[in-house]
Amino acid sequence: MKNIFDIFNRNPLHSEIFKAAGSLGEDLRMSVFLVGGYVRDIFLNRENKDIDLMVEGDSILFAEKLSSKLNAGQIVVYEKFKTALIPYNGIEIEIAASRKEAYNTQSRKPVVKDATVEEDLSRRDFTINAMAVSLSPKGFGDLQDPFNGRKDIEDSVLITPLDPDETFSDDPLRMMRATRFAAQLNFTIVSDIYESIKKKSHRLSII
């Protein structure tokens, strides 16, 4: 497919951030990706002010250097989860390392471990949020969509990347997110996902 950014009118400030992140990733020899709701909203033609970046490497170091490159000032660091937040001109830029998560049955707070990009995408709530766009200069705008999220957006359906019982048991808040996305986006919760929500509804007690 063509560069994904060609399908919508880019916000100039967002473009600045994407290019700065990609250039920095090249300097640090880290792959950098735009992920999450921003990618989903490109296909839905929706505005999104929250920018989620994923790096294969030291996310805190990357965040510190990106903040300096953008002259953004102080960052907020969540060391345990290997994430950092950069407030920048009314935009929240969140940087996280590609990771996989292990959950205690009594908590939504995971133990975080390094992972590949595809492993990171597999842990996300729904396929529509499990896509990544390269920001590296050589592959700028290339889409990674291992779970067919783009097709599910076209079909207006909510499907989990992995087994829904596992997805909802790990983080039961995802069941509430399913109903919110269904209402906000007018998407359908497919039957096996709906049945899993009913089956795992008792897990909401830990929220």
Side-chain angles (χ1 to χ4, degrees), residues 1 4 31-44 46 48 50-57 59 78 80-83 94-135 142-207:
M1 63 176 295
I4 192 174
S31 296
V32 187
F33 299 89
L34 175 66
V35 294
Y38 196 105
V39 180
R40 176 199 68 226
D41 286 347
I42 288 175
F43 292 111
L44 290 172
R46 285 162 46 105
N48 196 322
D50 295 329
I51 293 175
D52 292 333
L53 303 181
M54 176 176 66
V55 300
E56 290 186 297
S59 54
Y78 305 95
K80 182 177 179 180
F81 300 108
K82 300 182 180 180
T83 63
E94 183 171 304
I95 295 98
S98 55
R99 66 186 194 262
K100 54 187 175 182
E101 301 171 341
Y103 287 84
N104 180 300
T105 58
Q106 299 304 313
S107 173
R108 289 185 54 245
K109 295 181 180 180
V111 175
V112 173
K113 298 180 181 179
D114 292 338
T116 65
V117 172
E118 185 163 334
E119 286 175 324
D120 183 286
L121 296 178
S122 75
R123 71 175 175 81
R124 294 174 185 265
D125 50 7
F126 302 103
T127 59
I128 64 172
N129 296 324
M131 296 180 285
V133 177
S134 175
L135 297 182
D142 290 347
L143 176 68
Q144 290 198 28
D145 184 15
F147 303 101
N148 299 312
R150 186 178 183 184
K151 183 179 186 302
D152 292 340
I153 289 174
E154 292 171 354
D155 294 339
S156 299
V157 294
L158 290 174
I159 298 174
T160 55
L162 301 179
D163 179 277
D165 287 352
E166 177 183 343
T167 297
F168 295 140
S169 184
D170 281 348
D171 185 355
L173 185 63
R174 292 166 176 163
M175 292 183 276
M176 299 175 70
R177 286 169 62 84
T179 59
R180 177 167 68 85
F181 283 133
Q184 285 183 339
L185 305 177
N186 197 27
F187 274 34
T188 299
I189 301 173
V190 299
S191 58
D192 62 325
I193 306 299
Y194 182 73
E195 290 302 317
S196 180
I197 289 173
K198 290 198 295 183
K199 187 192 312 180
K200 294 296 179 179
S201 60
H202 66 280
R203 294 282 293 146
L204 292 169
S205 63
I206 71 167
I207 295 178

S.K.: Taking the side chain as every heavy atom from C-beta outward, state whether Asp50 and Glu94 have any pair of such atoms under 4.5 Å apart.
M.R.: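 No, too far: nothing below the 4.5 Å cut-off.
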
S.K.: Side-chain contact test, heavy atoms from C-beta onward, threshold under 4.5 Å: evaluate it for Ile95 versus Val32 and give yes or no.
M.R.: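 Not touching, per the 4.5 Å side-chain cut-off.
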
S.K.: Begin from the C-alpha positions of Glu154 and Phe43 and carry the test side-chain contact (heavy atoms from CB on, under 4.5 Å) through to its verdict.
M.R.: CA-CA 9 Å; Glu154 292 171 354; Phe43 292 111; over 6 Å; no

S.K.: Can you check whether Val35 reaches Arg124 side chain to side chain, under 4.5 Å on heavy atoms?
M.R.: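 Contact flag for Val35/Arg124 side chains = yes.
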
S.K.: Of all the heavy-atom pairs spanning Pro146 and Glu118, show the shortest one and how long it is.
M.R.: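 Scanning both residues, the minimum pair turns out to be CB-CD, 3.9 Å.
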
S.K.: Which of these passes side chain to side chain contact (heavy atoms under 4.5 Å, CB included) with Ser98: Val55, Thr116, Asp120?
M.R.: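 Testing Ser98 for a side chain to side chain contact (heavy atoms under 4.5 Å, CB included) against Val55, Thr116, Asp120 leaves exactly one candidate, Asp120.
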
S.K.: So do Ile193 and Phe168 actually touch side chain to side chain, heavy atoms under 4.5 Å?
M.R.: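 Phe168 reaches Ile193 side chain to side chain.
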
S.K.: Flag the pair Asp125 and Arg177 as a salt bridge only when some basic side-chain nitrogen lies within less than 4.0 angstrom of an acidic carboxylate oxygen.
M.R.: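 Salt bridge present between Asp125 and Arg177.
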
S.K.: If you round to the nearest 0.5 Å, how far is CZ of Phe187 from CG of Asp152?
M.R.: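 Reported to 0.5 Å precision, the distance equals 8.5 Å.
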
S.K.: Using a 4.5 Å cut-off on heavy atoms from C-beta on, say whether the side chain of Leu44 contacts that of Leu185.
M.R.: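 A side-chain contact exists here, since the closest heavy-atom pair is under 4.5 Å.
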
S.K.: Using modelled atom types and a 3.5 Å cut-off, is there a donor and acceptor pairing between side-chain atoms of Thr179 and backbone atoms of Met176?
M.R.: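 Such a contact is found between Thr179 side chain and Met176 backbone.
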
S.K.: Does the side chain of Asp52 come within less than 4.5 Å of Tyr38's, by heavy atoms?
M.R.: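 No, every pair of side-chain atoms sits at 4.5 Å or beyond.
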
S.K.: Looking at every heavy atom in both Ser122 and Pro161, which two are closest together, and how far apart are they?
M.R.: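 Shortest heavy-atom separation between Ser122 and Pro161 comes out as O-CB, 3.7 Å.
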
S.K.: Quick check: closest heavy atoms across Ala96 and Thr83, and the distance to 0.1 Å?
M.R.: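 It is CB-CG2, 3.5 Å.
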
S.K.: Does a side-chain heavy-atom distance below 4.5 Å link Leu34 with Leu53?
M.R.: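 Yes, close enough: below the 4.5 Å cut-off.
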
S.K.: If you measure from CG on Leu121 to CG on Asn129, what distance do you get to the nearest 0.5 Å?
M.R.: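 Those atoms lie 10.5 Å apart.
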
S.K.: Measuring from atom CD1 of Ile128 to atom CG of Asn148, what distance do you get when rounded to the nearest 0.5 angstrom?
M.R.: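 The CG atom of Asn148 is 13.5 Å from CD1 of Ile128, to the nearest 0.5 Å.
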
S.K.: Once rounded to the nearest 0.5 Å, what's the spacing between atom OG1 of Thr167 and atom CE of Met175?
M.R.: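 If we round to the nearest 0.5 Å, Thr167:OG1 and Met175:CE are 10.5 Å apart.
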
S.K.: For a quick test of reading the model, state the closest non-hydrogen atom pair linking Ala97 to Ser59 and the distance between them.
M.R.: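 Heavy atoms only, the tightest pair is N-CB, 3.4 Å.
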
S.K.: Nearest 0.5 angstrom please: Ser31 OG to Met54 CE, how far?
M.R.: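 Here the rounded value is 9.0 Å.
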
S.K.: How long is the straight-line distance from CZ of Phe147 back to CG of Leu162, given to the nearest 0.5 Å?
M.R.: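 Here the interatomic distance stands at 5.5 Å.
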
S.K.: Considering only NZ, NE, NH1 and NH2 on the basic side and carboxylate oxygens on the acidic side, decide whether Lys198 and Glu195 come within less than 4.0 Å.
M.R.: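 Salt bridge present between Lys198 and Glu195.
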
S.K.: Provide the closest heavy-atom pair for Lys199 versus His202 in the form atom of the first, atom of the second, distance.
M.R.: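 Scanning both residues completely, I find the closest heavy atoms to be O-ND1, 3.3 Å.
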
S.K.: Taking all non-hydrogen atoms of both residues, which atom of Arg174 and which atom of Arg123 are closest, and how far apart?
M.R.: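 Here Arg174 and Arg123 meet closest at NH2-O, 2.8 Å.
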
